[in-house]
Amino acid sequence: LDQFLSPTLKRLLPDPARFRDMTRAAERLAGAIMQGECIGVFGDYDVDGATSSALLTRFIRAVGGRSQVHIPDRIREGYGPNAPAILGLRERHKASVVVTVDCGTLAFEPLQQVRDQGVDVIVVDHHAAEATLPPALAVVNPNRLDEAPGFGQLAAVGVAFLLVVAINRELRRAGWFAGPDREEPDLLSWLDLVALGTVCDVVPLTELNRALVIQGLKVMAQRRSPGLRALADVAGIDIRPTAYHLGFVLGPRVNAGGRVGAADLGYRLLSTEHEDEAWDIARRLDGFNRERQEIEAQVLLEAQDQLDGDAMPAASPLALAHGEGWHPGVIGIVASRLKERYNRPACVISWDGARGVGSGRSVKGVDLGAGIIAARQAGLLEKGGGHAMAAGFTVTRENLAAFREFLGARIADDLGDRGLAAELMIDGVVRPDGATIELAEALAALGPFGAGNPEPRFVMPDTRLDYADLVGADHVKCRIAMDGRGTLDGIAFRAMNSALGPALLDHAGRRFHLAGKIRSNTWNGRTTAQFQIEDAEPVTQ
């Protein structure tokens, strides 16, 4: 139990050299630092890519090296490495070696082009791989098919952190830190970046990932990073940060630049050492996030109207919506919302002429990334890749029907006899008088919660609502009571997007079995227990 509650990196962090190509990559990059070569970094535009890029460049800067970063524009360049951008790093900044982070495992053609031009490329990634690897100097990816098992759940930023450990060790061996002018950096000081990227990429928060996030949250609480400090203040975080704040408050704002603004803003925020620049970027990202929310709401409404019509048979294992000109920066979020609404894997495609850019999100037990890779290998997609819970792809209009049929059949095979029945896993039963602040704090100690470590969920049976009222646009606040067993504050977030909200508001004295989570809630300096309602079932006599 102690090892679960207080996991340590000393026990869980592996020797980076166990990973294929890690030593080759570390030796090349350590040599580049010592020889004064410029190291190019090609990062993805999401949080995992931004944190990975910032981690590498902050480390290189701290040890006296030089680097230059390129974050691709989602609309103009799309996902993954492209030859013009990598060659541009060499031509404009004299980069002799380029590291791709959170991308590159399936970039066969672009990496062949740059290799032919004499550029050394190191791939640092975690996405699903094929038997054939891209033509790179090194491919560091725990999900290589020839890699020893055990660390495939790492986010790209976790792999980048192991690379930094390996490079630092090579520099130490070479005596780089022996002189009085160079001090070996504290690598643990950047675990706030690792925690942010790990949580936001929705990888399982177990074993090493759990330790990285727990330790990273401690670093973040020290507020040493100008960028994260400014973003937390702009977002109104005035308590010790949790995994929730990383995934639902900070992460969406870092992502907003890549979705609807300037692609490199997230990276720039996380890498800057200047307070004024951090505040300026944080405010811009906050504004882009509000813009993203408005665009997302419109695309989601159109996608739901499409699927609620005749676009998705009730028995279909796949929710697939597509629209002309839908903003590519929000289709991943919309796919996630559709997955939750229809309880099945969801894909959303934005058409631009004959081609569409798609993004998908999956449910437990369905490896969507493998399905997308299989569809590409079958000739149904121009590009495609990802991991179990998320994937991206490019499809033509003429292949849409065949792709839908192919992916639907694959999902059905993965689901097997389980089907698409909605499920809520319940961990216990509690009464209002048992849902105390002490229990809420004890449950919080089991966190951080996320994929692989779900937050405990309880049933509160045979309750009534003393009152229920709408809060904000779509939340419902209520007071839960049980005869002779006390009362408890309740909240149902985004409840008006489903039947839950109207049912609670129009309770009319009915009794409910409630399902949800017990959390602490601080308001006006007072902390109490609160029941976050996720589902409700009227009591039938």
Side-chain angles (χ1 to χ4, degrees), residues 13-44 49 52-53 55-57 59-60 63-69 80-81 83 86-87 89-90 94-108 110-152 154-177 184-185 187 208:
L13 196 71
D15 182 346
R18 79 175 294 281
F19 297 95
R20 291 186 178 275
D21 284 359
M22 179 69 84
T23 299
R24 182 185 303 167
E27 289 176 348
R28 177 67 181 91
L29 293 172
I33 290 169
M34 291 185 289
Q35 295 300 320
E37 300 174 55
C38 178
I39 299 172
V41 177
F42 186 103
D44 190 22
S52 300
S53 301
L55 172 63
L56 279 179
T57 56
F59 167 76
I60 293 168
V63 297
R66 297 190 300 120
S67 65
Q68 186 69 37
V69 173
I86 293 178
L87 294 175
L89 286 170
R90 184 184 67 174
K94 310 303 180 185
S96 54
V97 57
V98 174
V99 185
T100 72
V101 287
D102 197 26
C103 58
T105 297
L106 300 178
F108 300 101
L111 296 193
Q112 184 64 61
Q113 293 177 40
V114 300
R115 180 178 184 177
D116 292 343
Q117 295 295 319
V119 179
D120 288 341
V121 176
I122 294 170
V123 174
V124 178
D125 199 2
H126 70 130
H127 290 99
E130 300 179 6
T132 301
L133 294 172
L137 176 70
V139 178
V140 182
N141 184 338
N143 286 303
R144 284 175 53 156
L145 298 186
D146 59 350
E147 184 63 79
F151 294 92
L154 283 171
V157 71
V159 183
F161 182 73
L162 290 170
L163 175 62
V164 163
V165 172
I167 300 170
N168 195 69
R169 182 163 59 189
E170 292 297 328
L171 292 172
R172 189 189 309 124
R173 286 173 176 169
W176 186 246
F177 303 116
E184 187 168 343
L187 304 186
L208 177 56

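This is a predicted model, so every value here is computed, not measured.
When all heavy atoms of P142 and F151 are compared, the closest pair comes out as CB-O, 3.3 Å. Residue F59 comes nearest to L171 through the heavy atom pair CZ-CD1, 4.2 Å, listed as atom of the first residue, atom of the second, then distance. Residues P134 and A107 share a closest heavy-atom pair of CB-O, 4.2 Å. Taking each heavy atom of Q113 and A83 in turn, the nearest pair found is OE1-CB, 3.3 Å. Considering all non-hydrogen atoms of both residues, S53 and V41 come closest at OG-CG1, 3.9 Å.
Side-chain contact between I60 and R66 is absent, with no heavy-atom pair separated by less than 4.5 Å. With a 4.5 Å cut-off on side-chain heavy atoms, P185 and F177 count as touching. Counting heavy atoms from C-beta on, the side chains of H127 and L106 never come closer than 4.5 Å. Between D44 and V101, every side-chain heavy-atom pair lies at or beyond the 4.5 Å cut-off. Between D125 and T100, every side-chain heavy-atom pair lies at or beyond the 4.5 Å cut-off. In this structure, the side chains of N141 and V159 stay at 4.5 Å or more apart for every pair of heavy atoms.
Interatomic distance, CZ of F19 versus CG of L162, reported as 5.5 Å (0.5 Å rounding). Atom CD1 of I167 and atom CD1 of I39 lie 6.5 Å apart (nearest 0.5 Å). Annotation: the span from M22 atom CE to E27 atom CD amounts to 12.5 Å, rounded to 0.5 Å. Here the straight-line distance linking atom CG of L154 with atom NE2 of H126 works out to 9.5 Å at 0.5 Å rounding.
No side-chain N or O of D102 forms a donor-acceptor pair with one of S52 less than 3.5 Å apart. In this model, no donor atom of one side chain and acceptor atom of the other lie less than 3.5 Å apart for N143 and E147.
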Could you tabulate the donor-acceptor pairs under 3.5 Å formed by side-chain atoms of residues 29-38, not counting sequence neighbours?
residue : atom : partner : partner atom : Å
E37     : OE1  : R28     : NH1          : 3.4
E37     : OE1  : R28     : NH2          : 3.0
E37     : OE1  : S96     : OG           : 2.3
E37     : OE2  : R28     : NH1          : 3.4

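Exactly one residue among L111, V140, V98 makes a side-chain contact (heavy atoms from CB on, under 4.5 Å) with V123. That residue is L111.
Partners of A138 under the side-chain contact (heavy atoms from CB on, under 4.5 Å) rule, at least two apart in sequence or in another chain, are D21, R24, A25, I122.
Without hydrogens or angle criteria, R20 side chain to D146 main chain gives a donor-acceptor distance under 3.5 Å.
Sorted by first and then second residue, the side chain to side chain donor-acceptor pair (under 3.5 Å) pairs involving residues 167-176 (not counting sequence neighbours) are D15-R169, N168-E184, E170-R173, R172-E184.
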